[in-house]
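Encoded as structure tokens, the structure appears first; notes follow it.
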Amino acid sequence: MKKLLFLVALVACNQHSPRWPDPKPKIPVYIPTAEDSAKTRGPFMRIHPMGRFPEMIYDNIERNPTLKIEEWLSSELPLADFGRVLKPGQEMEMIAFGGGLTAGVMNGGITRESQQTNYTNLLAHQMGIKNFAMPLFEKEHYNGTGYYVYRNTESEYPQWDRVVNNTIPVSAGGLPTMPEYKGKISNFALPDGSAERFMMGNDCVNCDLNKLFLSRFNHYRRPYLSEAFDEIKSEIPYNFVIVEEFFDRWMYGIQTVSRVGLWEYCFNGSIMNTGRITDSAINNVLNKGQKGVIFTIPRFQDLAYMKWYSTEDLKKRTSNIYITFNKNNVGDGLVDSAKPFSLIPTAKLHTLFENFKDDETFRVNLEDKEVLDFDELYMADPELYYNQKIREYAAKKDLAVVDLFDLYQRIHQGGYKTEDGVLVDGSPSGNFFSSDGIYPSPLGQAIIANEVIKAVNQHYGAKIPLINMSNFAMSVDVKR
């Protein structure tokens with residue numbers, strides 16, 4: 001009897017407080033079928049931010065490359081003046097480490113075409129570097145991991161078709177692998193990765209996607225950081241380094257951390273305890289005073305990804321917004337809709353927005369990681385703390401700073417034009433972002449390449465010609 005009374009009391013203590021109701025969406029969330037899952041099943045589905053939601057992928061389709069990038073890359077340019085980047089008699093040898101942006105993620109995948117239009121490859125062309133080698137997918141596997149394209153739908157909310165033809169083969173087994181790339185490699189970036197993850201090799205925890213891509217670089221795949229670096233140094237005596245290190249970790253935190261705080265590792269990394277950037281991989285790759293560039297982190301609110309289900313648009317549709325979230329596993333958190341807040345795109349959110357009628361009450365209970373309230377938005381702003389540390393590190397290491405924070409913010413605000421007058425649109429249907437809403441389109445990659453050139457020219461007194469964006473768009477046949 002005592003045990004029974006204890007259980008009754010325990011249940012009573014865990015009842016929802018009447019002050020914190022647990023509202024449910026009016027429209028039931030769609031549960032994917034096995035047929036839906038087959039559309040996205042595969043080791044690469046996680047590259048796309050919505051790839052884990054098969055109900056968002058309508059159909060498998062076939063596509064062939066459309067861009068004339070190889071013609072553009074074959075054009076000759078005058079020799080660049082590298083300023084104080086090189087010592088007398090040195091030849092430029094550039095390598096790159098980073099995440100999805102530097103690896104060539106576009107439209108939620110990596111293809112031969114997206115690798116060729118990656119900003120590092122465009123930068124090497126403008127610099128006149130003939131020995132920069134992207135680890136391109138073979139011509140017969142030109143669609144690489146596969147990718148996603150927007151469908152034409154009646155609603156303003158996105159859905160995708162997935163391109164599945166001519167993709168790279170993946171072996172079956174406990175740890176899937178891809179065919180080894182045996183040529184020279186100058187770009188060691190990994191989707192959802194970083195220099196740190198590359199150098200950790202097989203010891204990297206929760207890095208299945210990165211381990212899959214590392215299987216292409218088997219020659220450099222070592223269990224210990226120092227061994228992998230020694231291998232690269234012995235083969236590539238590089239003197240210029242591209243470091244794009246922190247953005248993917250930041251995005252991972254936005255999508256997975258329940259309560260964003262100052263001391264979350266995703267948002268502070270190596271500076272959490274030291275107050276400075278101490279990533280061993282970056283320090284190792286810059287071990288002999290090499291010159292290079294490092295990137296600031298853009299605000300996630302400035303991505304097209306966050307405009308798919310915009311809270312600003314929601315506030316225009318209704319003044320009655322009631323959103324709770326499971327702060328402590330029950331609907332005990334309440335969003336103050338009078339202040340800025342963000343909702344993380346999911347299939348559930350898509351269903352809510354698509355079925356919501358204007359001027360009704362938008363009422364829903366979400367998981368904590370699906371909503372960022374005002375306090376979390378403040379703590380997740382990279383300009384608050386991290387970008388300052390990146391700039392300090394750049395000054396210490398004599399690196400040029402590519403300010404993506406400033407670039408993405410200007411594009412987000414609207415009206416941004418390139419030096420030769422191309423209007424840049426950062427909306428989901430615009431010309432800067434690809435269909436994954438996070439990584440740039442070919443035109444966006446070219447814009448970032450120009451930002452790198454401007455940073456190098458200013459910091460090192462170099463004279464590297466900018467890409468003529470208007471001519472690039474016309475000659476490569478990309479959407480302006």
Determine the sole option in L122, I467, L407 for which the side-chain contact (heavy atoms from CB on, under 4.5 Å) test with I447 is passed.
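Only match with I447 under side-chain contact (heavy atoms from CB on, under 4.5 Å): L407.
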Pick from L123, V293, V402: which one makes a side-chain contact (heavy atoms from CB on, under 4.5 Å) with V456?
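Exactly one option meets the side-chain contact (heavy atoms from CB on, under 4.5 Å) with V456, and it is V293.
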Please check: side-chain N/O of [X] versus main-chain N/O of [Y], any donor-acceptor pairing under 3.5 Å?
X    : Y    : value
Q115 : F137 : yes
N107 : S434 : no
T351 : A347 : yes
N118 : S114 : no
N60  : V163 : no
T296 : L404 : yes
S475 : W72  : no
D425 : S427 : yes
R46  : P43  : no
D248 : D192 : yes

Are the side chains of [X] and [Y] in touch, meaning some heavy atoms are under 4.5 Å apart?
X    : Y    : answer
I57  : D161 : no
N187 : I242 : no
F472 : I69  : yes
I321 : L314 : yes
M45  : Y148 : yes
Y147 : R63  : yes
T145 : T111 : no
H141 : P169 : yes

Please determine if R363 forms a cation-pi arrangement with Y322, meaning its NZ or CZ atom is less than 6.0 Å from the six-membered ring centre and no more than 45° off the ring axis.
yes
Do R112 and Y142 form a cation-pi contact, if we require the NZ or CZ to be under 6.0 Å from the six-membered ring centre and within 45 degrees of the ring's axis?
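Output no; distance or angle outside limits.
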For [X], salt bridge (Lys or Arg N to Asp or Glu O under 4.0 Å) partners two or more places apart:
X    : answer
R299 : D302
E451 : K454
D406 : R410

Which pair of non-hydrogen atoms, one from [X] and one from [Y], has the smallest distance, and what is that distance?
X    : Y    : result
Y150 : P428 : CE1-O, 3.4 Å
P382 : P298 : CG-O, 3.8 Å
T66  : E113 : N-OE2, 3.2 Å
F267 : G253 : CZ-C, 3.5 Å

Derivation of the side chain to side chain contact (heavy atoms under 4.5 Å, CB included) call for N283 and Y393
CA-CA 10 Å; N283 290 326; Y393 184 84; 2.5 Å; yes
Around [X], counting heavy atoms of other residues, nucleotides and ligands shown, do more than 12 lie under 6.0 Å from its [atom1]?
X    : atom1 : value
Y378 : OH    : no
K315 : NZ    : yes
K327 : NZ    : no
Q458 : CD    : no

Any pair counted as salt bridge (charged side-chain N to carboxylate O under 4.0 Å, His left out), so long as it reaches residues 382-394, sequence neighbours left out:
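Residue pairs with at least one partner in residues 382-394: E383-R391, K389-E392, R391-D403.
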Which pairs count as salt bridge (charged side-chain N to carboxylate O under 4.0 Å, His left out) when at least one residue sits in residues 257-274, sequence neighbours excluded?
R259-D368, R259-D373, R259-E376
Less than 3.5 Å apart, any donor N or O on the side chain of [X] or [Y] sitting next to an acceptor on the other?
X    : Y    : result
S155 : E354 : yes
N365 : T324 : yes
D420 : S470 : no

Check ring pair (Phe, Tyr, Trp, His ring centres under 6.0 Å) between Y386 and all other residues, then give those that pass, not counting sequence neighbours.
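By the ring pair (Phe, Tyr, Trp, His ring centres under 6.0 Å) rule, Y386 matches F246, W250.
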Test ring pair (Phe, Tyr, Trp, His ring centres under 6.0 Å) applied to F356 - qualifying residues, sequence neighbours left out:
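Partners of F356 under the ring pair (Phe, Tyr, Trp, His ring centres under 6.0 Å) test: F362.
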Apply side chain to side chain donor-acceptor pair (under 3.5 Å) to [X] and list each qualifying residue two or more places apart in sequence or on a separate chain.
X    : result
Y157 : R317
T318 : none
E244 : T102
N121 : none

Let's go through N165 and N143 carefully: what are the C-alpha distance in whole Å and the side-chain angles of both, what is the deciding distance for side-chain hydrogen bond (donor to acceptor under 3.5 Å, both in side chains) to 0.1 Å, and is it a yes or a no?
CA-CA 7 Å; N165 64 298; N143 281 331; 3.2 Å; yes
Are F295 and Y119 an aromatic pair by the rule of ring centers under 6.0 Å?
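Ring centroids of F295 and Y119 are less than 6.0 Å from each other.
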Below 6.0 angstrom between ring centroids: does that apply to H48 and W160?
yes
ring-ring contact (aromatic ring centres under 6.0 Å, His included), paired with F433, selected from Y408, Y439, Y305
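Per the ring-ring contact (aromatic ring centres under 6.0 Å, His included) rule, the option paired with F433 is Y408, out of Y408, Y439, Y305.
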Go through L349 and E370 one step at a time and tell me if the side chain to side chain contact (heavy atoms under 4.5 Å, CB included) criterion holds.
CA-CA 9 Å; L349 196 62; E370 294 177 311; over 6 Å; no
For T311, all residues meeting side chain to side chain contact (heavy atoms under 4.5 Å, CB included), sequence neighbours excluded:
F341, L343
Would you sort out whether V478 and S441 count as a side chain to side chain contact (heavy atoms under 4.5 Å, CB included), showing the intermediate values?
CA-CA 9 Å; V478 301; S441 66; over 6 Å; no
Going through the distances and angles, do L214 and L190 end up as a side chain to side chain contact (heavy atoms under 4.5 Å, CB included)?
CA-CA 8 Å; L214 280 171; L190 301 169; 4.2 Å; yes
Measure the spacing between CG of L399 and CG of L286 and express it to the nearest 0.5 Å.
5.5 Å
